[in-house]
Amino acid sequence: MRFSRTLLSGALPLVIASHTTAAVLPAHQTSNTWFTSAKTTTEAKASAPAAGTAKNVILFVGDGMGISTLTAARILEGQTLGGSGEEHNLSFETFPYSALVKTYNVDAQTPDSAGTMTAMISGVKTDVGVIGVDEDVERGDCATVAGNELITAVELAELKGLATGVISTARITHATPAATYAKAADRNWEDISDMPQAAIDAGCTDIADQLVNFESNLEARISGADVDGIDVVMGGGRRHFLPKDASANSPDAVSAVEGDRTDGRNLVTEWQTRYQNGTYVFDQTGFDAVDASTTTKLFGLFNESHMQYEADRGNDVSGEPSLSQMTAKAIDILDNNSNGFFLTVESGRIDHGHHAGSAYNALTDAVEFAAAVKAAVDNTNPDETLILVTADHSHVFTIAGYPKRGNPILGKVVAIGETAPATAADGMPYTTLGYTNGMGMQTLGSETDADAVYSQSNNAGRHDLASVDTTSSGFHQEALVPLGSETHAGEDISLHATGPGAEKVQGVIEQNLVFHLINDALGLIAD
């Protein structure tokens with residue numbers, strides 16, 4: 001079973017071989033150099049013994065989870081469990097296959113999430129800031145979208161009759177989750193109030209609208225298609241689905257007017273009208289009450305904007321489920337479909353913790369991400385489920401100095417054989433973890449919301465940390481270059497795999513090859 005639908009007008013030349021077996025992609029997608037090159041690469045990797053065809057595929061994306069983040073999160077979790085940390089492994093680091101992934105966008109050396117997720121979910125690299133469309137689109141120009149839309153793995157899974165799901169701790173309309181279902185000339189078009197009037201007049205629709213109307217849009221674009229929509233959608237971002245009217249506020253609204261939509265529409269009620277047997281939830285109590293054995297459609301919007309950081313979840317007004325809880329619940333619902341399922345799970349707030357210069361928040365969210373992967377492993381059959389764990393890009397996050405083994409990863413550098421922190425040439429101690437750019441050092445005590453830093457003044461550069469507890473949740477690491485927000489980085493990220501088809505994950509690959517791993521495992525398109 002599945003969930004909601006929406007897209008732009010203009011049918012694509014997509015020929016359906018069978019609505020329950022495979023589909024042929026539009027020519028501008030299959031002839032795209034990025035697409036054909038990745039297809040050739042995956043075929044070459046098939047020389048390894050095939051593990052068989054998967055019934056299910058789960059794609060995990062740790063937003064901003066670069067190699068340094070993996071290393072630091074591994075050590076933090078290990079130390080939390082009482083070890084020295086370095087010898088520990090996150091759940092997915094024990095998977096039998098892994099690769100390094102190039103993350104650049106067509107027009108950018110250091111990428112953004114819209115372009116990177118579009119590559120992973122459609123097989124085609126594209127530009128910064130655009131979603132579900134190829135590089136021929138001009139960002140912000142609605143007129144350039146028609147004819148350049150890409151078909152995603154979620155859409156192909158729908159056409160094949162699989163159950164589908166999309167989960168994120170970010171707004172569900174944010175770049176990474178949006179790339180699974182939307183086509184937009186700008187990632188910022190999350191609701192109609194975010195769009196220029198010219199784009200609205202030209203017929204483009206906002207991302208939230210495209211989610212709720214996913215089913216009807218896909219059927220309109222593809223002649224003869226009959227799908228039932230995405231089965232499970234959970235994340236944040238309620239404001240983009242509600243009208244700018246206090247009467248539409250959720251019971252746990254924190255703003256006087258929760259909704260942002262200026263068209264008067266309530267997309268939550270529109271979804272409920274479309275899926276009258278579906279279940280909409282907005283808090284922990286509602287989530288806990290969902291019976292996975294009988295639920296056919298689940299729509300969860302747990303926050304006005306992004307969901308809370310894992311460390312800050314206890315401070316939510318009415319409670320939010322964790323990423324691991326959402327993952328387990330989604331699998332329990334999706335596996336009711338005997339044809340199998342395709343699920344995408346994003347930990348969106350690893351990225352946000354880094355942008356705020358908070359290693360504490362980024363790493364605690366990364367640890368919870370690993371817990372979500374473990375939940376997937378524990379709740380699926382390894383012989384029929386391909387699990388892929390990756391990131392969209394890295395961050396300018398460093399692990400430096402010469403700390404002794406077992407030194408607290410969030411602490412100051414203490415050298416081998418020493419008990420007092422080492423000092424730099426300026427005579428001051430320094431931390432193992434740091435950032436090349438960003439807001440700089442802050443001491444916010446027991447604060448667990450990294451975004452609190454944005455109310456502070458930029459404090460980049462060196463500071464005397466001698467009397468500062470750098471392991472506290474409210475500490476933000478030093479940064480060299482002063483910026484309003486820390487930036488992404490351009491180095492490779494990792495991909496870890498287990499299950500049928502995992503043997504193709506090896507070497508150094510282009511990011512758009514991830515789509516072909518999903519397709520090869522599920523047989524989504526006809527050759």
Is it true that atom CG of N277 has more than 12 heavy atoms of other residues, nucleotides or ligands lying nearer than 6.0 Å?
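Not more than 12 within 6.0 Å, no.
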
Should [X] and [Y] count as an ion pair when the cut-off is N to O under 4.0 Å?
X: D451; Y: R349; answer: yes
X: E155; Y: K183; answer: yes
X: K504; Y: D520; answer: yes

Main-chain N/O of [Y] paired with [X] side-chain donor or acceptor, under 3.5 Å:
X: D365; Y: S347; result: no
X: E486; Y: Y435; result: no
X: N148; Y: V133; result: no
X: N379; Y: A375; result: yes

Between the side chains of [X] and [Y], is a donor N or O closer than 3.5 angstrom to an acceptor N or O?
X: E310; Y: T364; result: no
X: N89; Y: T94; result: no
X: E491; Y: S394; result: yes
X: S168; Y: H174; result: no

Between F299 and F241, does the ring centre distance come in under 6.0 Å?
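Between F241 and F299, which both carry aromatic rings, the centre distance is below 6.0 Å.
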
Close aromatic pair by centroid cut-off 6.0 Å: H395 and H355
yes

Can you tell which of F95, Y97, F92 makes a ring pair (Phe, Tyr, Trp, His ring centres under 6.0 Å) with H496?
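Going through F95, Y97, F92 one by one, the ring pair (Phe, Tyr, Trp, His ring centres under 6.0 Å) with H496 is satisfied by F92 alone.
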
With E86, which residues qualify under salt bridge (charged side-chain N to carboxylate O under 4.0 Å, His left out), at least two apart?
R405

Only one of T390, L388, I387 passes side-chain contact (heavy atoms from CB on, under 4.5 Å) with F60; say which it is.
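That would be I387.
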
Can you tell which of D492, T487, D63 makes a side-chain contact (heavy atoms from CB on, under 4.5 Å) with H393?
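Result: among D492, T487, D63, D63 is the only option passing the side-chain contact (heavy atoms from CB on, under 4.5 Å) with H393.
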
